[in-house]
S.K.: 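The following block contains the structure, expressed as structure tokens.
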Protein chains: 2
Amino acid sequence: MAYLPLENELVENISQTFKALSDPTRIRILHLLFHKECSVNEIANELEMQQSTISHQLKYLKQLRLVKNRRDKNMYFYSIDDYHVMNLLEQTIDHSKHTIGGL
Amino acid sequence: MAYLPLENELVENISQTFKALSDPTRIRILHLLFHKECSVNEIANELEMQQSTISHQLKYLKQLRLVKNRRDKNMYFYSIDDYHVMNLLEQTIDHSKHTIGGL
DNA sequence: CTATAATATGAGCATATGCTCATATTATAA
DNA sequence: TTATAATATGAGCATATGCTCATATTATAG
């Protein structure tokens with residue numbers, strides 16, 4: 001495939017996706033949700049972070065449609081909504097596990 | 001695979017990789033180099049950006065070993081050095097092309 | 001050796017990011 | 001209805017990020 005300049009909208013879109021995956025807290029949240037649907041407090045407890053921090057990040061991830069939520073009583077359960085992006089993350093986690101330490 | 005908390009070093013490493021891919025200028029540089037080895041000025045001209053900006057970003061990318069360079073006379077030619085990360089990017093570019101506009 | 005071309009680098013600035021604290025909102029249980 | 005649990009939200013702050021300008025560095029051509 002020959003080189004073609006990337007259009008602005010496309011680049012912004014890609015940038016946005018990677019930016020979402022570039023923060024340690026969001027990486028941890030997504031990785032956790034990949035294995036188990038969780039309420040906000042469950043996530044905060046598991047990751048030992050403040051409820052507010054988690055809530056803000058979930059809002060960020062939800063607005064990008066990377067996660068979704070459902071309500072049960074007065075709790076919100078969050079889960080993965082974008083499996084393509086999730087695949088990127090898990091793929092990179094696996095790769096990193098094999099790579100780390102090697103030079 | 002069951003859930004396992006991600007170790008700090010691993011998360012930092014992954015975060016760093018995605019951070020590198022999260023900036024529009026770096027995305028454009030990498031995509032260009034993926035198709036063609038280029039000098040600093042060639043990149044600056046192609047992307048219509050300042051030489052200084054490109055040089056700074058190349059230093060950033062080189063330090064992460066995503067690109068490498070060779071010298072020819074008094075020019076430096078840069079090229080891709082990490083094809084796994086490059087694969088992540090191209091994969092996402094392709095996916096975005098099909099996705100954009102759709103909701 | 002000197003002028004010039006190509007690249008690198010440092011400081012400064014504006015904006016973005018992520019967290020915390022305090023508080024608001026919403027729904028349930030009593 | 002009221003107290004409480006769960007979540008959401010806004011303001012403020014410290015740090016990170018990316019660009020530009022000016023200048024330094026390095027190598028080549030003459």
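Below, each value reflects all heavy atoms present in this structure, side chains not excepted, and no hydrogens, waters or symmetry copies. Note on naming: letters A, B, ... go to the chains in the order of the sequence lines (proteins, then strands), and numbering restarts at 1 for each one. Keep in mind the model is a prediction, meaning the values are calculated, not measured.
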S.K.: Heavy-atom count around B:Gln63 CD within 6.0 Å, excluding the residue itself: above 12?
M.R.: yes
S.K.: Within 45° of the ring axis of A:Tyr60 and under 6.0 Å from its six-membered ring centre, is that where the NZ or CZ of A:Arg26 lies?
M.R.: yes
S.K.: For DNA chain C, whose closest nucleotide is more 5', that of A:Tyr76 or that of B:Lys59?
M.R.: B:Lys59
S.K.: I want to verify a distance call: between C:dC19, D:dA6, C:dA6, whose nearest atom is closest to the B:Asn74 side chain?
M.R.: C:dA6
S.K.: With a 3.5 Å cut-off and just heavy-atom distances, do the side chain of B:Ser52 and the base of C:dT9 make a donor-acceptor pair?
M.R.: yes
S.K.: For A:Asp23 and C:dG18, what is the distance between atoms CG and P respectively, to the nearest whole Å?
M.R.: 5 Å
S.K.: So which nucleotide from D:dT28, C:dC19, D:dA8 ends up closest to the side chain of A:Gln57?
M.R.: C:dC19
S.K.: Within this structure, what is the CG-to-P distance between B:Leu47 and D:dG18, rounded to whole angstrom?
M.R.: 15 Å
S.K.: Provide, to the nearest angstrom, the distance between the CG atom belonging to A:Leu61 and the P atom belonging to C:dT17.
M.R.: 14 Å
S.K.: Between C:dT28, C:dA8, C:dC21, which nucleotide has the shortest distance from any of its atoms to the side chain of A:Lys73?
M.R.: C:dT28
S.K.: Can you tell which of D:dT7, C:dC19, C:dT9 lies closest to the side chain of B:Ser55?
M.R.: C:dT9
S.K.: What nucleotide among D:dC19, D:dT7, C:dT7 has an atom nearest to a side-chain atom of A:Ser39?
M.R.: D:dT7
S.K.: Is any side-chain N or O of B:Gln51 under 3.5 Å from a base N or O of C:dA6, one able to act as donor and the other as acceptor?
M.R.: no
S.K.: Check this for me, if you would: do B:Glu37 and B:Arg70 make a salt bridge, where the nitrogen-to-carboxylate-oxygen distance has to be below 4.0 angstrom?
M.R.: yes
S.K.: Quick one: label B:Tyr78 by what it contacts on the DNA or RNA (base, sugar-phosphate, nothing), any heavy atom closer than 4.0 Å.
M.R.: sugar-phosphate
S.K.: Whether A:Arg26 contacts C:dT17 is assessed here as follows: a side-chain N or O lying under 4.0 Å from the phosphate OP1 or OP2. Is that the case?
M.R.: no
S.K.: Nearest whole Å is fine: how far is C:dA6 P from B:Ile54 CD1?
M.R.: 16 Å
S.K.: Just by distance, no angles: are the side chains of A:Asn69 and A:Tyr76 close enough, under 3.5 Å, to form a donor-acceptor pair?
M.R.: no
S.K.: Show the nearest heavy-atom pair for residues A:Asn87 and B:Gln91, with the distance to one decimal.
M.R.: ND2-NE2, 4.4 Å
S.K.: Can you tell me how far C1' of C:dT4 sits from CG of B:Asn41, to the nearest Å?
M.R.: 13 Å
S.K.: To the side chain of A:Lys19, which of D:dC19, C:dA8, C:dT17 is closest?
M.R.: C:dT17
S.K.: Given D:dA6, D:dA8, C:dT9, which nucleotide is nearest the side-chain atoms of A:Val40?
M.R.: D:dA8
S.K.: Looking at C:dT20, D:dT9, D:dT28, which one has an atom nearest to any side-chain atom of B:Arg71?
M.R.: D:dT28
S.K.: Taking CG from A:Asp72 and P from D:dA5, how many angstroms apart are they, rounded to a whole number?
M.R.: 18 Å
S.K.: Is there aromatic stacking of A:His56 against C:dC19, centre distance under 5.5 Å, plane angle under 30°?
M.R.: no
S.K.: Would you kindly give the CD1-to-C1' distance between B:Ile27 and D:dG18, to the nearest whole Å?
M.R.: 14 Å
S.K.: Considering only NZ, NE, NH1 and NH2 on the basic side and carboxylate oxygens on the acidic side, decide whether B:Arg28 and B:Glu46 come within less than 4.0 Å.
M.R.: no
S.K.: Of the listed nucleotides (D:dT7, C:dA8, D:dC21), which one gets closest to any side-chain atom of B:Gln50?
M.R.: D:dC21
